[in-house]
Amino acid sequence: MNLSQHNQFSSKASQLLSWGHWFTFANIGLALLISLSYLFADSPPSSFIGITYMLVTWLSHTSFIAFLAFVLTVFPLSLIFPYPRHIRGMAAVIATLGASLLTLDAYVYVNLGYHLNTSALPEIIYLLWHRLTSSPALTTILAGGIMLLILGFQLVASNFTWNHLGRLKQYKFARYAISFLVICFALSHSIHIWADANLKFDVTKQDNVLPLSYPTTAKSLLAKNDLLDIESYKQAHNVKINNQNISYQLPAPLEKCADYTQANVDIFVFDNNEGLAAFVANNKNLHKTEQFLQPTNHDDTLFSLVYGLPAFYKAAILNEQTLPAWQSQRRSIQIDGVKELSFVNDQAHSSSAIRIIKSNDKVAIKDDNTHVFAFSLARDKAEVVTTSTLYSSDKRISKVDGLIQPSDLIATSVGQYLNCKAIAKQTMLGVNLYKKKDDMGVNYSQGVVIAYKKDRITLIDSDGNFKNISAAEGFSIEQGLDIPFLVQSIKKLKAFTQ
């Protein structure tokens, strides 16, 4: 009698284990579908090896997460409590919670650029709360509908795999699928090891795309096997930045601006918020955005505003009194109230297309057709960079997704309002906000590299120390250094050096 009960128990456990494998296969397919959103959240890799790595990592890593979830939850339950009807119901609920959590993580990553984590909890809550309050009915219907769809899928998958378990066992494709996923897993790590050792950033830039991603690094593995030149590796990955003794290389030959459009642009810079508020009160047609990212060093902000470049080039340009490369007789600029940049006015005209006026006194816009920007210089100097308020006469600027830097204002003025897009792109690191495609950028101030991606701002000082902060809230984000993104940002920062 005891032997019969034991055999019955073993039979149920064996059936549940076999069913669990097929149920996991179904959830791997669902997880792959949901995780597609991660692949489209950032710019895709441009090389064949980068695309190959993206696909094999997506297949293997996502499958591994789904399988691990089964091993840690459903598998032990089926051994302890081998009652098919109850286990299948519990498995459907557990899988629904897991798939819903993955969907939430994907939504956060697409909007903020990082995964769910406790250090960014205030910003994540703000994102979800803002979505809920902006359209409560639609958000509730969508969120509830997604969870119901996932639950419905889990119940169907659970019942179908159980009722057709005998027929499914006869299929041989499962063993081939498992072998294929194992090969993809090994291939993805092998490609990453090779790419990390050879600085193939089209591959390594994907390190933080998928959740719970811990790819193998090359340094410890190759050094352990005497296959790595440690000194060369350290030099290649050195993030220490120094702007001393750099040479500013003027881009040449300059692009032509055949489609130049006559326009006037006024950029008003105030020393404090009171002056800005008074200006806004007298000009009711201005539109507001809170996503203006500026250095707390005022001189660095003003330099970037005029040249469309980070203050990394400030010393070299001011020592030589080099005029803005984008400037010409038609694209002239007049600067008032900035003594350090007064030499630029030597080439100014009485009817300069662009005026930058720094003042707290009452200022007047040139005419009703003038494009206007207005902001106040940073007052909080706790960090090297801060977000503040920007006003613009252009409603489209207030609707730009992501952060706006001072260099973007001059790039938009030259590239969009004066219709010299090629000149702006060739001579500045600022972005024409009409053409902004991704929420990424780089700046430099007070010896610190400032690289941002969506809400995450990475600050690296001259000694290589770093920290990540949230652009919206200013709190620290506990994440490691994103080396590929940092190296790309530094390469962009040094685009005009010899």
Side-chain angles (χ1 to χ4, degrees), residues 27 30-42 65 69 89-90 92-157 209-212 280 284-293 387-392 394-404 433 436-440 452-457 468-479:
N27 275 280
L30 178 61
L32 287 172
L33 181 64
I34 295 172
S35 61
L36 276 173
S37 56
Y38 295 109
L39 306 187
F40 295 104
D42 299 311
I65 290 176
M90 286 189 290
V93 173
I94 292 171
T96 298
L97 294 176
S100 299
L101 185 64
L102 181 64
T103 304
L104 176 62
D105 182 78
Y107 177 77
V108 170
Y109 184 83
V110 168
N111 285 274
L112 298 179
Y114 44 77
H115 298 285
L116 293 172
N117 62 87
T118 55
S119 63
L121 194 58
E123 183 60 22
I124 294 170
I125 293 174
Y126 174 80
L127 171 69
L128 300 178
W129 180 253
H130 176 72
R131 175 61 61 188
L132 180 62
T133 54
S134 60
S135 51
L138 179 61
T139 302
T140 303
I141 291 172
L142 285 176
I146 289 172
M147 290 195 68
L148 288 175
L149 280 174
I150 294 174
L151 178 60
F153 171 85
Q154 301 297 347
L155 291 173
V156 170
V209 172
L210 296 174
L212 303 177
V280 172
K284 303 293 186 181
N285 61 333
L286 298 179
H287 306 280
K288 177 181 178 182
T289 176
E290 302 285 354
Q291 297 294 305
F292 188 57
L293 181 70
T387 52
S388 58
T389 304
L390 171 71
Y391 290 91
S392 173
D394 189 342
K395 188 175 182 179
R396 185 164 176 174
I397 302 300
S398 66
K399 296 184 178 297
V400 169
D401 289 330
L403 299 171
I404 299 173
L433 296 173
K436 190 170 185 177
K437 295 180 180 179
D438 52 30
D439 191 11
M440 296 170 60
Y452 73 84
K453 183 178 183 182
K454 296 183 179 178
D455 181 69
R456 184 187 65 193
I457 302 175
N468 296 308
I469 62 173
S470 166
E473 302 297 332
F475 58 78
S476 295
I477 300 173
E478 297 300 328
Q479 283 190 348

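Just so it is clear, the values below take in all heavy atoms, side chains as well, and ignore hydrogens, waters and symmetry mates.
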Residues which pass side-chain hydrogen bond (donor to acceptor under 3.5 Å, both in side chains) with T389, listed by chain and number, not counting sequence neighbours: E290

What verdict does the side chain to side chain contact (heavy atoms under 4.5 Å, CB included) test give for I65 and L102, after you've listed the backbone C-alpha separation in whole Å, the side-chain angles of each residue and the deciding distance to 0.1 Å? CA-CA 10 Å; I65 290 176; L102 181 64; over 6 Å; no

Please test L116 against I124 for side chain to side chain contact (heavy atoms under 4.5 Å, CB included), starting from the C-alpha separation and ending with a verdict. CA-CA 8 Å; L116 293 172; I124 294 170; 3.9 Å; yes

Mind jotting down which residue pairs meet the side-chain hydrogen bond (donor to acceptor under 3.5 Å, both in side chains) criterion with at least one end in residues 142-157? Sequence neighbours excluded, please. N27-Q154

Using the test ring pair (Phe, Tyr, Trp, His ring centres under 6.0 Å), find all partners of F292 that sit at least two apart in sequence or belong to another chain. F375

Within this structure, what is the CG-CG distance for the pair L127 and N111, rounded to the nearest 0.5 Å? 5.0 Å

If you measure from CZ on R131 to OH on Y126, what distance do you get to the nearest 0.5 Å? 11.5 Å

Across all chains, not counting sequence neighbours, the side-chain contact (heavy atoms from CB on, under 4.5 Å) partners of V156 are none

Tell me every residue that passes ring pair (Phe, Tyr, Trp, His ring centres under 6.0 Å) with Y391, counting only those two or more places apart in sequence or in another chain. none

Would you say T139's side chain and P136's backbone share a donor-acceptor pair under 3.5 angstrom? no

Contacts of K395 that satisfy side-chain contact (heavy atoms from CB on, under 4.5 Å) - sequence neighbours left out: H287, S398, K399

Applying side-chain hydrogen bond (donor to acceptor under 3.5 Å, both in side chains), can you list everything that pairs with D105, at least two apart in sequence or on another chain? Y38, H115

Which residues satisfy the side-chain contact (heavy atoms from CB on, under 4.5 Å) test with K436, sequence neighbours excluded? V400, V431, L433, D439, Y452

When you compare the side chain of L293 with that of I404, does any pair of heavy atoms fall below 4.5 Å? no

Is there side-chain contact between T140 and L132, with at least one heavy-atom pair below 4.5 Å? yes

Suppose we screen for side-chain contact (heavy atoms from CB on, under 4.5 Å). Which residues come up paired with I146, at least two apart in sequence or across chains? T103, I150

Applying side-chain hydrogen bond (donor to acceptor under 3.5 Å, both in side chains) to D394 and not counting sequence neighbours gives Y417, Y434

Flag side-chain contact, heavy atom, 4.5 Å: Y107 against L128: yes

Output all residues satisfying side-chain hydrogen bond (donor to acceptor under 3.5 Å, both in side chains) with S470, sequence neighbours left out; order by chain, then residue number. D455

